[in-house]
Amino acid sequence: MSTGLRILIADDHAIVRRGLKDILEDEFADVFITEVKDGKELMKMTRTAEWDIVISDLTMPEPNGLEVIKLLKDEKPGLPVLILSMHPEDQYAIRVLRAGAAGYLCKESAGDELVKATRLILQGRKYITPSVAQKMAGQLTKDTSKQLHELLSDREYNVLKMIASGKTVSEIADLLNLSVGTISTYRSRILEKMQFKTNSELTHYAVQQGLV
């Protein structure tokens with residue numbers, strides 16, 4: 001393997017991986033980049049080779065980006081992870097950073113910000129946009145007034161968003177490769193934590209909060 005910069009890119013869309021690779025190869029002269037298509041391949045590569053940074057999609061096949069962060073925190077605590085996502089940063093950025101990621105970048109900004117984010121993280125710093133930093137600071141001063149969806153675990157939050165987008169329990173089970181019973185349990189926990197009774201109440205809340 002090259003002795004230069006080593007980057008592992010994980011995304012289930014080949015065209016996205018190619019675009020990220022092209023941007024990075026144009027900027028870094030001595031760089032070795034490997035692409036993988038899901039969380040399983042990502043974890044395999046981090047266990048068999050050394051990397052300077054992982055750039056991972058948030059919603060790729062299992063394990064997803066959030067779960068990967070937690071796994072790497074245990075197995076490779078010194079390996080920084082930059083999460084890329086199609087979701088607006090106000091939906092996931094703080095969850096991702098709290099889980100241990102070194103940065104969160106919306107895919108629509110990747111063309112302009114990817115190199116900057118990568119350089120900052122390689123320097124041992126975090127990539128946090130001003131709006132996310134402001135929101136995090138606000139949460140520190142208002143920790144006792146969390147929004148309802150912030151009471152949910154990462155998995156419960158994902159299930160909430162899927163329910164609110166109109167997916168059935170069976171469809172969610174298929175997408176997450178879990179049983180219908182497990183998804184039903186998650187739904188029950190979500191309703192209990194948020195003190196709602198129906199899916200329509202969850203959907204109304206999610207729309208109000210801009211989660212879908």
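Values below: all heavy atoms of this structure, side chains included; hydrogens, waters and symmetry mates excluded. As the structure is a prediction and not an experimental result, all values here were calculated from the model.
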Full working for salt bridge (Lys or Arg N to Asp or Glu O under 4.0 Å) between Asp12 and Arg17: CA-CA 8 Å; Asp12 54 337; Arg17 298 196 304 268; over 6 Å; no

Cut-off 3.5 Å, side chains only: do [X] and [Y] have a donor facing an acceptor?
X      : Y      : answer
Ser188 : Thr185 : no
Thr198 : Ser200 : yes
Thr129 : Glu89  : yes

Calculate, to the nearest 0.5 Å, the distance between atoms [atom1] and [atom2] belonging to [X] and [Y] respectively.
X      : Y      : atom1 : atom2 : answer
Gln209 : His204 : CD    : NE2   : 10.0 Å
Ile183 : Ile172 : CD1   : CD1   : 6.0 Å
Ile33  : Leu24  : CD1   : CG    : 4.5 Å
Ser153 : Arg189 : OG    : CZ    : 7.5 Å

Pairs where residues 161-186 contributes a residue and the test salt bridge (charged side-chain N to carboxylate O under 4.0 Å, His left out) is met, not counting sequence neighbours: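 Salt bridge (charged side-chain N to carboxylate O under 4.0 Å, His left out) check on residues 161-186 returns no pairs.
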
Over all atoms of both residues, closest heavy-atom pair of Ile23 and Ala110: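 Scanning both residues completely, I find the closest heavy atoms to be CD1-O, 4.2 Å.
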
Between the side chain of [X] and the main-chain N/O of [Y], is any donor-acceptor distance below 3.5 Å?
X      : Y      : value
Thr203 : Asn199 : yes
Lys76  : Glu50  : no
Glu41  : Lys37  : yes
Tyr205 : His149 : yes

Measure the shortest side-chain to side-chain distance between [X] and [Y] over non-hydrogen atoms and say whether it is less than 4.5 angstrom.
X      : Y      : result
Tyr186 : Leu178 : yes
Lys126 : Leu120 : no
Met194 : Leu160 : yes
Leu42  : Leu72  : yes
Asn64  : Asn158 : yes
Leu82  : Val54  : no
Tyr104 : Leu84  : no
Leu122 : Leu5   : yes

Between [X] and [Y], is there a side-chain N and carboxylate O pair less than 4.0 Å apart?
X      : Y      : result
Lys197 : Glu201 : no
Glu62  : Lys40  : no
Glu150 : Arg95  : no
Lys193 : Glu156 : yes
Arg155 : Glu67  : yes
Asp22  : Arg18  : yes

Sequence-distant partners of Gln123, side-chain hydrogen bond (donor to acceptor under 3.5 Å, both in side chains), two or more places apart: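 For Gln123 the side-chain hydrogen bond (donor to acceptor under 3.5 Å, both in side chains) partners, ignoring immediate neighbours, are Arg125.
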
Side chain to side chain contact (heavy atoms under 4.5 Å, CB included) evaluation trace for Leu114 with Leu20: CA-CA 8 Å; Leu114 179 62; Leu20 297 174; 3.7 Å; yes

Test salt bridge (charged side-chain N to carboxylate O under 4.0 Å, His left out) applied to Lys107 - qualifying residues, sequence neighbours left out: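 So Lys107 forms a salt bridge (charged side-chain N to carboxylate O under 4.0 Å, His left out) with Asp11, Asp57.
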
Test log, rule side chain to side chain contact (heavy atoms under 4.5 Å, CB included), inputs Leu79 and Thr46: CA-CA 9 Å; Leu79 177 59; Thr46 60; 4.0 Å; yes

Given Thr59, Leu58, Leu71, the one that forms side-chain contact (heavy atoms from CB on, under 4.5 Å) with Leu66: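 Of all the options given, the one that passes is Leu58.
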
Hydrophobic cluster identity match, Met162 and Val180, side-chain contacts under 4.5 Å: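 Same hydrophobic cluster.
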
Heavy-atom neighbours of Asp74 CG exceed 12 at 6.0 Å: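 Enclosed: over 12 neighbouring heavy atoms sit under 6.0 Å from CG of Asp74.
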
Criterion side chain to side chain contact (heavy atoms under 4.5 Å, CB included) on Ile53 and Arg6, from CA distance to verdict: CA-CA 7 Å; Ile53 184 173; Arg6 300 173 303 280; over 6 Å; no

Full working for side chain to side chain contact (heavy atoms under 4.5 Å, CB included) between Leu148 and Gln195: CA-CA 9 Å; Leu148 292 176; Gln195 298 183 358; over 6 Å; no

Ring geometry between Phe32 and Trp51 (parallel below 30°, tilted from 30 to 60°, perpendicular above 60°):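 The arrangement is parallel - the two ring planes meet at less than 30°.
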
